[in-house]
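Below: one structure, written as structure tokens.
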Amino acid sequence: MSDILETIITRRSVKSFKDCEVNSEQIEKVLKAGMYAPSGKNLQSAIIISITNKKVRDMLSSVLANFRGIESDPFYGAPVVLAVLADRSVPTYVYDGSCVIENMLLEAHSLDIGACWIHHAKAVFETDAGKEILSSLNIKGDYEGIGFCVLGYPQVNPSGSIPRKSNYVFKIQ
Ligand SMILES: Cc1cc2nc3c(=O)[nH]c(=O)nc-3n(C[C@H](O)[C@H](O)[C@H](O)COP(=O)(O)O)c2cc1C
């Protein structure tokens with residue numbers, strides 16, 4: 001079993017992406033990492049919508065920008081948007097979805113793909129446009145947007161890891 005600590009420590013959020021597609025095999029690996037996240041009672045309450053279609057990706061970007069009242073692309077030009085939603089009827093749904101996103105961020109980094117967690121998926125999937133995506137995929141049930149994991153090849157690689165606060169860990173020995 002290899003130690004993944006180096007991957008965890010060197011992962012950074014990428015916020016500037018090259019305008020080129022991501023290799024589909026690499027996207028599949030990132031999705032698999034998400035699917036193998038732990039979940040409460042193994043109920044696997046989360047789902048992932050993988051968006052590589054530019055029209056849909058741009059539409060989601062506009063919906064989110066509009067919600068935030070900004071002009072810029074909240075996905076930073078990333079060509080791939082992985083939307084994670086989870087079933088509200090499962091008590092651990094937010095945690096389940098969050099584990100999925102973190103797994104995908106780490107796998108992306110291990111493949112030298114830039115990635116970033118983007119917030120406000122909940123708001124996006126509460127809009128008519130968001131609901132339309134769910135119904136077009138025949139996704140039924142009480143799903144809430146947990147977050148977006150955007151992927152692409154980095155234009156700028158953030159350097160170094162961010163120092164951790166001093167009072168992170170408390171030990172009872
Ligand atoms: C729950 C969550 C929501 C986030 N939402 C956004 C976001 O909407 N936009 C963004 O640029 N970064 C977002 N981030 C990324 C954080 O800005 C980033 O993780 C933080 O600054 C630490 O930097 P690092 O990931 O490079 O260690 C989010 C991260 C988390 C965990």
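No experiment lies behind these values; they were computed from the predicted model shown. Just so you know, ligand 1 is whichever comes first in the structure, and atom 1 is the first atom listed for that ligand.
- Side-chain contact annotation: Tyr153 with Gln26, donor-acceptor N/O pair under 3.5 Å present.
- Under 4.0 angstrom from ligand 1, the non-hydrogen atoms of Cys116 all belong to its side chain.
- Side-chain contact between Leu85 and Leu134 is present, with at least one heavy-atom pair separated by less than 4.5 Å.
- Any N or O atom pair closer than 3.5 Å counts here, and Arg164 shares no such pair with ligand 1.
- A salt bridge does not link Lys29 to Glu25: none of the charged nitrogens lies less than 4.0 Å from a carboxylate oxygen.
- By the criterion of a heavy-atom distance under 4.0 Å, neither the backbone nor the side chain of Glu102 is placed next to ligand 1.
- Protein heavy atom closest to atom 1 (C) of ligand 1, with residue, atom name and distance, is Trp117 CE2, 3.5 Å.
- Looking only at protein heavy atoms, the nearest one to atom 25 (O) of ligand 1 is Ser13 OG, 2.5 Å.
- Between Phe75 and Phe148, the ring centre distance stays below 6.0 Å.
- If you check the side chains of Asp73 and Ser61, you find a donor sitting under 3.5 Å from an acceptor.
- By the rule that hydrophobic residues join a cluster once side-chain heavy atoms approach within less than 4.5 Å of another member, Tyr93 and Leu82 end up as members of one cluster.
- Scanning all protein heavy atoms for the shortest distance to atom 27 (O) of ligand 1 gives Arg11 NH2, 3.2 Å.
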Task: Working for side chain to side chain contact (heavy atoms under 4.5 Å, CB included), residues Ser161 and Thr10 - done: CA-CA 6 Å; Ser161 46; Thr10 57; over 6 Å; no

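- Taking atom 9 (N) of ligand 1 as the reference point, the nearest protein heavy-atom neighbour is Ile118 CD1, 3.7 Å.
- By the neighbour-count criterion of 12 heavy atoms within 6.0 Å, atom NZ of Lys165 is densely surrounded, having more than that number from other residues, nucleotides or ligands.
- At least one heavy atom of Tyr76 sits under 4.0 Å from some atom of ligand 1.
- Every atom of ligand 1 is numbered from 1 in the order shown, and the set under 4.0 Å from a heavy atom of Arg12 is 24 (P), 26 (O), 27 (O).
- Residue contacts with ligand 1 include Arg68, since one of its heavy atoms falls under 4.0 Å from the ligand.
- Distance remark: protein heavy atom present below 4.0 angstrom from atom 17 (O) of ligand 1.
- Note that atom 3 (C) of ligand 1 has protein non-hydrogen atoms nearby, at separations under 4.0 angstrom.
- In this structure, the protein non-hydrogen atom closest to atom 22 (C) of ligand 1 is Ile162 CD1, 4.0 Å.
- Between the side chains of Asn66 and Ser62, no donor N or O sits under 3.5 Å from an acceptor N or O.
- For Lys15, every heavy-atom contact with ligand 1 shorter than 4.0 Å involves the side chain, none the backbone.
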